[in-house]
Peer 1: 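Have a look at this one.
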Amino acid sequence: MSPLMWSPELWWDLFCHFLDVSLMAIGGAITLVPDLHRRLVVDGHLLSDLDFTSAIALAQAAPGPNLLFVALMGWYSAGLGGSSASMLGIMIPSTTLALAVSRWVSARRSWLSVQAFQAGMIPVTLGLLLATGAHLAPSLQTQPKALLMSVVVALVVWRTKVGLIWLVAAGGLLGGLGLV
Amino acid sequence: LATASLVGAAPSAGQIVGTVLKLAAPIKDHVLGWPLCVLLASLAFAMMAWLHWPLLYVLLGLGCVTCIGTYALLRHRALSKANDKAKGASA
């Protein structure tokens with residue numbers, strides 16, 4: 001892959017996939033991960049399994065919004081053009097909807113239907129987020145140590161206020177020393 | 001290199017699961033009650049992670065059922081509250 005590769009068909013493919021999933025990102029773009037894997041890796045062959053996972057790991061570890069995994073997937077798949085096409089695809093519908101709906105919703109907070117939607121989507125979103133976590137988790141058979149690391153990180157994030165950057169640094173150190 | 005990058009996803013997985021556990025705290029006060037919330041979350045999880053259903057079906061199917069159920073419950077509560085008030089006023 002060269003950053004400046006010219007592949008309009010791939011860009012269009014990426015744009016359409018991200019456009020499709022954009023409005024489904026109810027719990028944030030990260031809930032889209034299992035669906036994106038099915039589309040981009042299993043069915044579309046636009047990305048390798050490894051690039052897919054790396055894009056998420058890198059975006060989660062780097063500062064800035066984790067939505068940037070979308071740009072990285074586009075980048076791994078089709079260079080700079082792929083990156084831009086993917087970001088446009090995911091941003092256009094969701095941003096438009098958010099701008100249009102957020103004022104409408106905040107003016108109707110007292111409506112039962114609005115409350116029902118907001119409350120009702122909570123358990124579904126939690127389940128979807130958990131599915132993303134499971135998708136990224138290392139396997140118990142082949143990488144038990146890495147899985148242990150996931151469990152420790154989960155407990156630290158849940159129970160403490162330790163900054164994520166320290167967890168990333170610790171993970172990097174363990175990985176660098178070849179312990180995981 | 002392959003394993004190195006896959007291990008790189010290990011903290012991300014942990015981070016996401018940790019966030020879920022953090023976000024799950026308010027469901028003990030949820031309208032549907034926490035056991036039902038846990039059941040619904042498990043269903044959503046199973047549909048995505050285990051059955052590999054398209055997200056659209058999960059959102060439209062489970063999402064709609066959950067939202068309609070929540071709506072019915074909220075309405076029922078609002079109505080019975082109104083009834084109680086009316087009774088209190090007439091007594």
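A quick note: this is a predicted structure, and the numbers were derived from the prediction, not measured.
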Peer 1: Could you state the interatomic distance from CD1 (B:Ile68) to CZ (A:Phe117), rounded to the nearest 0.5 Å?
Peer 2: 12.0 Å

Peer 1: Using 0.5 Å steps for rounding, measure from the CD atom of B:Gln15 to the CG atom of A:Asn66.
Peer 2: 7.5 Å

Peer 1: Please report the closest heavy-atom contact between A:Met121 and B:Gly63, naming both atoms and the distance.
Peer 2: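 It is SD-CA, 4.1 Å.
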
Peer 1: Please determine, among B:Cys67, B:Cys37, B:Ala49, the option with the most heavy-atom pairs under 4.5 Å with chain A.
Peer 2: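 It is B:Cys67.
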
Peer 1: What parts of residues 16-25 of chain B touch chain A if we use heavy atoms and a cut-off under 4.5 Å?
Peer 2: B:Ile16, B:Val17, B:Gly18, B:Thr19, B:Val20, B:Leu21, B:Lys22, B:Leu23, B:Ala24

Peer 1: Only pairs of heavy atoms separated by less than 4.5 Å count here; which of B:Leu36, B:Ile27, B:Leu56 has the most with chain A?
Peer 2: B:Leu56

Peer 1: Between B:Ala41, B:Ser42, B:Pro26, which has the largest tally of heavy atom pairs under 4.5 Å with chain A?
Peer 2: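 Most heavy-atom pairs under 4.5 Å with chain A: B:Ala41.
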
Peer 1: Flag the pair A:Gln60 / B:Pro11 as yes when at least one side-chain heavy-atom distance between them is below 4.5 Å, and no otherwise.
Peer 2: no

Peer 1: So do B:Leu55 and A:Leu128 actually touch side chain to side chain, heavy atoms under 4.5 Å?
Peer 2: yes

Peer 1: Which value, rounded to the nearest 0.5 Å, describes the distance between B:Leu79 atom CG and A:Leu112 atom CG?
Peer 2: 8.5 Å

Peer 1: Heavy-atom pairs under 4.5 Å with chain A are the metric here; pick the option from B:Arg75, B:His52, B:Met47, B:Met48 that has the most.
Peer 2: B:Met48

Peer 1: B:Leu59, B:Val31, B:Leu40: which one forms the most heavy-atom pairs within less than 4.5 Å of chain A?
Peer 2: B:Leu59

